[in-house]
> 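For reference, the structure I am asking about is given below.
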Amino acid sequence: MIYLDNAATTFPKPPQVISAMANAQRNLGANPGRSGHSLSIAAAEEMYRCRTAAAKFFNAPGPECVAFTLNCTLALNMVIKSVLNPGDHAVVSCLEHNAVMRPMQAMTGSGVTYTQAQVVPGDNDATVANFRSVLRPETKLIVCTQASNVWGIRVPVERIAALGREYGIPIAVDCAQSAGVVPIDVQDAGFDYLCVAGHKGLYGPMGTGLLISKSGRMPRSIVEGGTGTSSDSLIQPDAMPEQLESGTPNLPGVAGLRAGIEFVSKKGVPAIFSHEMKLVQRLYDGLSRREDVRLYTERPEALHFVPVLSFNVEGLSSEEVGQRLNRMGVAVRPGLHCAPAAHSFMGTLKQGAVRVCPSAFSNINEIDRFILDMMKIRAK
Amino acid sequence: MGKPMILLGSITYAMKSRDLLFQYGIKAYVERTPRTGERLGCGYGIYVPHDADQAQEILARAGIRILGRSERVGAV
């Protein structure tokens, strides 16, 4: 199979990720940091190694700023639901995933309001001006994707973070599609909260994610429970990361995530980005020669895009194209990609689109084969 | 002779403290906090065989919240 559904989750995983998970399961099988015996502390050391690796990778101030979550969605929920209070207003972009839109919508039931700021692809000045125009005195949070999971459009989150600082408004950045693909420096960029998927561009296993708080603090946790600290108190500890990590953690997953981060660090984010971008540009060029294929963006270039491309075939639904490609041994993602806002933005809410995303393991031959398969798509 | 322990908020801070002190040439070991009449339940700290006072100063300067000190009797 040619796997081009890496925006959903990267596959295959590097061998060292699988080895790290197996090692954790085989040799570090105690509950990390709970029991105080040698195996429990050894398991906690593995967790700490991943925290340290993640802090270094994203230039967070320290390992205590890094909390493990189930995925990026949970990290976003944690920020949105702990930072915002009744009467507060939030700003999101028009390209957000449901991981942002659904919690925001749910918060409206608690007296929170939000506004979608328009992104202008290729014009960062206009995008930032649009964000500025929707800020209000009661705006308490900006939540913004760094890159659209449908169109690959990059949003100038560093500039939006600077805008937020000007008004004293923190920013939470959804980097589900950008972590491991574009360099991210939490301190330099001034991101207050970074929400990360572990199983995409970081090549970790599914069921892993990160919430990084630049200050090393969160107003509160949306989940309470055992943390292995201050057990005599019924009050949830207020110190990260344990504050946000109630319950037994996913140690094999965290071990795999650490190996994934090391894999990406060794290969180099710029090298991965360049490789994947060339593949997407080749795909774009191949598809743009087809009169019956509709592409929705300009040719992706590094400044304004990440390597994600979506398209439609005239006369066929995106689901039909996805199924036909599957029969030809190609894995892509048709439909709405859990991002109706992004589809509404591009006018594809009814038909959806077919999304293609390579990984560090994809190659030119696979892209060329995909382009050839697309020539036969109507016959299948 | 006692076994000087610096008590910290969590195992993450205990490990961070250990790594920080190592950069200053001070050896420290992560251990579970001894249960006392005042401190119930789970907790972690670092055992600092030598230069515990200096270690505490370094940690305080680094902004690490120190919960207290403990001396464990009978340690080697």
Side-chain angles (χ1 to χ4, degrees), chain A residues 30-56 60-68 210 212-213 215-217 221 225-249 251 254, chain B residues 2-49 55-76:
Chain A
N31 203 324
R34 296 295 198 267
S35 306
H37 54 71
S38 299
L39 197 58
S40 174
I41 291 182
E45 290 283 3
E46 182 61 59
M47 302 275 292
Y48 183 73
R49 278 178 76 191
C50 187
R51 279 191 224 284
T52 307
K56 185 179 174 193
E64 71 279 8
C65 302
V66 179
F68 297 115
L210 301 169
I212 297 176
S213 166
S215 66
R217 289 190 297 274
S221 175
T227 57
T229 56
S230 308
S231 299
D232 55 316
S233 171
L234 294 183
I235 306 299
Q236 183 76 359
D238 61 0
M240 276 191 67
E242 285 80 4
Q243 173 196 19
L244 306 180
E245 295 180 354
S246 293
T248 300
L251 177 68
V254 168
Chain B
K3 184 178 181 183
M5 293 273 301
I6 297 175
L7 310 179
L8 297 152
S10 68
I11 194 166
T12 303
Y13 274 100
M15 289 174 176
K16 178 177 174 155
S17 300
R18 173 200 61 194
D19 291 354
L20 180 63
L21 293 176
F22 187 77
Q23 291 172 23
Y24 286 85
I26 298 175
K27 283 187 180 171
Y29 304 88
V30 174
E31 288 189 3
R32 195 173 163 89
T33 303
R35 186 184 171 115
T36 68
E38 292 171 7
R39 299 178 193 287
L40 303 173
C42 318
Y44 277 88
I46 48 172
Y47 163 44
V48 188
Q56 189 167 337
E57 274 180 38
I58 291 168
L59 298 181
R61 274 205 308 273
I64 293 174
R65 189 169 60 171
I66 295 165
L67 302 183
R69 283 278 288 270
S70 173
E71 301 289 330
R72 293 179 74 185
V73 179
V76 176

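For the numbers below, each heavy atom of this structure counts, side chains included, while hydrogens, waters and symmetry mates do not. Chain A is the first sequence line, chain B the second, and so forth, proteins listed ahead of strands; every chain is numbered from 1. Everything numeric in this text was worked out from a predicted model, so none of it was measured.
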> Identify the heavy atoms of B:Arg65 and A:Ala239 that sit nearest to each other, and give their distance.
NH2-CB, 4.0 Å
> Knowing that exactly one of B:Val30, B:Asp19, B:Ile11 qualifies, which makes a side chain to side chain contact (heavy atoms under 4.5 Å, CB included) with A:Tyr48?
B:Asp19
> Between B:Tyr44 (side chain only) and A:Gly36 (backbone N and O only), is there a donor and an acceptor less than 3.5 Å apart?
yes
> To the nearest 0.5 Å, what is the distance between OG1 (A:Thr52) and NZ (B:Lys16)?
9.5 Å
> Based on non-hydrogen pairs under 4.5 Å, which of A:Ala44, A:Pro63, A:Gly62 is most in contact with chain B?
A:Ala44
> I need the minimum non-hydrogen distance between A:Thr229 and B:Gly9, along with the two atoms involved.
CG2-O, 3.4 Å
> Please classify the contact of A:Met240 with chain B as side chain, backbone, both or neither, using a heavy-atom distance under 4.5 Å.
backbone
> Looking at A:Arg34, is its backbone amide N or carbonyl O close enough to the side chain of B:Arg32 to form a donor-acceptor pair, meaning the two atoms are under 3.5 Å apart?
yes
> Measuring heavy-atom distances to chain B, does A:Glu64 have an atom under 4.5 Å in its side chain, in its backbone, in both, or in neither?
both
> Against chain B, label A:Ser35 side chain, backbone, both or neither, depending on which of its atoms sit under 4.5 Å from a heavy atom there.
backbone
